[in-house]
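All chains are named by letter (A, B, ...) in the order of the sequence lines, taking the proteins before the strands, and each is independently numbered beginning at 1.
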Amino acid sequence: MSGSRFYITAAIDYANGAPHIGHAIEKIGIDAMARYRRLCGQAVHFVLGMDEHGLKVQQSAEAAGISPQQWVDEIATRFEAAWRRLAIGFDDFIRTTQPRHERAVAEMVRRMAAAGDFYRGSYEGYYCVGCEAFKREDELVRNERDELRCPVHPGREVTWTHEENWFFRLSSYQDRLLRLFDEQPDFLQPEGRANEIRRVIEGGLEDISVSRARLPWGIPWPGDPEHTVYVWIDALTNYLAAAGFPDGDHERLWPADYHVIGKDITRFHCVYWPAMLMSAGLPLPRHVWAHGFINFGGAKLSKSEGVRFELEELIERHGPEALRYYLLREIPWNGDGEWSLERFDERYVSELANNLGNLANRTISMIERYRGGVVPGRRQEIKDQQIAAAVLRYRGVMDANLLHQGIAAAMELASYANGFVEARAPWAQAKDPARAAELDDPLAALARVVATLATLLQPFMPVKMAELGAQLSLPDPVPLDALTGLDLAGRPGARGPVLFPRPEQEKKPTK
RNA sequence: GGCUGGGUAGCUCAGCUGGUGAGAGCGCACGACUCAUAAUCGUGAGGUCGAGGGUUCAAGUCCCUCCCCAGCUACCA
């Protein structure tokens with residue numbers, strides 16, 4: 001494992017609005033996965049980006065009175081700024097309007113064509129003349145006269161229209177896809193999702209249309225400039241493009257170790273995408289991880305609610321890292337979870353301020369007070385078993401990408417340490433000259449716990465944990481393997497600003 | 001309609017192939033302590049485990065029916 005490459009991707013976000021909490025939790029989770037792998041010594045390459053073609057982008061740009069390119073440039077800037085604000089440590093930011101991506105898409109189309117997997121077919125559907133585009137029925141509304149209309153152009157007629165375009169022989173990949181799920185049961189995780197997709201495949205696959213004739217904001221179809229590449233081949237190919245495809249050195253990164261996506265798009269990543277790659281003769285990603293969603297008041301967080309929770313407001317509430325912590329603590333990474341401001345506040349105070357922050361503070365304070373700000377050496381391996389057990393548990397669940405359980409394992413160690421302080425009562429030992437010498441052991445043990453916590457929680461709160469480590473003169477970050485024999489004796493220990501200050505009492509949830 | 005996952009203490013949730021008197025964290029109450037961010041530690045608080053029926057010596061834990069909630073139901077990314 002150690003030293004090996006680890007290519008992990010986020011789903012690229014559609015450039016049609018501002019980044020919100022739903023976008024954020026995905027990037028935060030992937031960042032935690034990436035940082036954990038780095039702590040394990042792997043050479044991580046983490047890519048995220050934007051999906052910038054398509055009708056909606058074109059329309060949004062028109063509505064704003066700017067060109068599509070200007071529009072996506074602005075959106076991309078906002079997303080990237082949000083990710084930096086949240087300390088997302090991505091290595092690359094790919095955009096589907098970049099030349100490197102267009103090149104990759106063109107090559108994908110050429111390869112799939114060479115495989116004989118495209119044919120001219122007829123796509124039909126509702127067509128809005130105003131939009132000059134096909135619409136799904138659920139995108140349309142009915143007017144007073146019960147006529148179907150596009151919400152953007154209620155005055156224009158919507159007609160059932162045929163269009164000749166390119167089709168991909170997805171149906172011919174059914175057997176190969178089933179074999180994929182047979183031979184690689186962990187291709188799609190968590191497990192339950194794989195069963196869902198398997199049933200979809202077993203139910204039979206239809207060919208999909210992969211080009212559009214009248215949608216100008218897209219990548220031209222190689223050899224048929226009347227068409228643009230439709231979303232599937234365009235968007236999904238970003239993972240290859242970011243690896244450098246079609247240049248030879250893309251094999252340095254590809255295949256990806258993990259595509260992390262929302263559970264709603266597993267079909268595209270676990271049916272369309274593998275089939276496309278098979279067609280193009282390329283290796284498949286090793287794993288796809290489908291995370292869940294945020295619920296609010298028992299229901300999926302809708303877009304309007306997502307916007308209601310203005311990302312910047314949430315960040316300012318307790319700081320960016322507290323938001324990272326709360327989201328990954330509360331929402332299981334392998335499922336859905338309930339979100340609320342009240343819980344955010346509760347967890348911030350009880351877990352970050354009281355349990356973790358106070359433990360760090362009291363520990364280093366005692367080192368300052370009783371040992372002149374120098375971590376003492378230990379005479380025996382006090383508490384090493386508990387630390388080792390916590391690290392082991394942590395690694396076990398983190399290897400399985402159960403981020404919420406990783407946090408839980410760390411916080412249990414913090415709780416344990418707080419109990420340990422009470423049990424040893426260092427202040428009593430300090431007052432008793434006969435016992436003062438014994439003080440080294442608990443103080444050294446506590447320092448090791450704090451150092452361990454700074455590492456275990458680093459994937460979740462990289463900046464705060466670096467600050468914490470610095471209070472014990474530790475490098476940032478301490479790799480997991482270095483934790484075992486870590487000797488802190490002689491290191492200066494000095495308190496810094498309170499890591500997670502308690503909010504003022506009057507700060508009530510703005511529900 | 002079909003499919004999937006749920007309905008367990010005020011809140012968020014654990015409870016694998018059925019079996020010690022039903023759990024954790026938070027919140028709450030009381031007590032202890034003082035190194036610390038009025039933090040921490042201990043104790044307690046008694047929830048018909050959605051409803052009804054069934055299988056079994058024994059069922060949140062299996063079967064049936066019903067009620068309720070959420071999500072999905074393929075060219076929207």
Take the protein atom [atom1] of [X] and the nucleotide atom [atom2] of [N], then report the distance between them rounded to whole Å.
X        : N     : atom1 : atom2 : result
A/Trp232 : B/A74 : CH2   : C1'   : 8 Å
A/Arg199 : B/G2  : CZ    : P     : 16 Å
A/His53  : B/C75 : NE2   : C1'   : 18 Å
A/Glu206 : B/U73 : CD    : P     : 15 Å
A/Trp333 : B/C13 : CH2   : C1'   : 20 Å
A/Glu338 : B/G7  : CD    : C1'   : 13 Å

Give the minimum heavy-atom separation between A/Glu52 and A/Val57, together with the two atoms involved. O-CG1, 3.5 Å
NA contact type, [X], heavy-atom cut-off 4.0 Å: base, sugar-phosphate, or nothing?
X        : result
A/Asp207 : base
A/Val498 : base
A/Tyr230 : sugar-phosphate
A/Gly121 : nothing

Base partner of B/C75, which must satisfy Watson-Crick or wobble distances under 3.5 Å: none
Please determine, for B/C66, whether a Watson-Crick or G-U wobble partner exists with both distances under 3.5 Å, and give it or none. B/G50
Summarise protein proximity over nucleotides 29-36 of chain B in one line of letters, 5' to 3': B for base, S for sugar-phosphate only, - for none, counting protein heavy atoms closer than 4.0 Å. ----SSBB
Sub-4.5 Å side-chain heavy-atom contact between A/Met50 and A/Ile12: no
Pair A/Asn355, A/Asn418: side-chain N/O donor-acceptor within cut-off below 3.5 Å: yes
Is the distance from OP1 or OP2 of B/U40 to the nearest side-chain N or O of A/Asn355 less than 4.0 Å? no
Are any of the side-chain nitrogens in A/Arg343 or A/Glu346 under 4.0 Å away from the carboxylate oxygens of its partner? yes
Looking at the angle O4'-C1'-N9-C4 for a purine or O4'-C1'-N1-C2 for a pyrimidine, is B/G60 syn or anti, with syn meaning within 90° of 0? syn
Students often mix this up, so state it plainly: with edges at 30° and 60°, are the rings of A/Phe344 and A/Trp339 parallel, tilted or perpendicular? tilted
Report yes if the distance between the aromatic ring centroids of A/Tyr230 and A/Phe167 is under 6.0 Å, otherwise no. no
Under the 3.5 Å rule, do the base of B/C26 and the side chain of A/Ser350 count as making a donor-acceptor pair? no
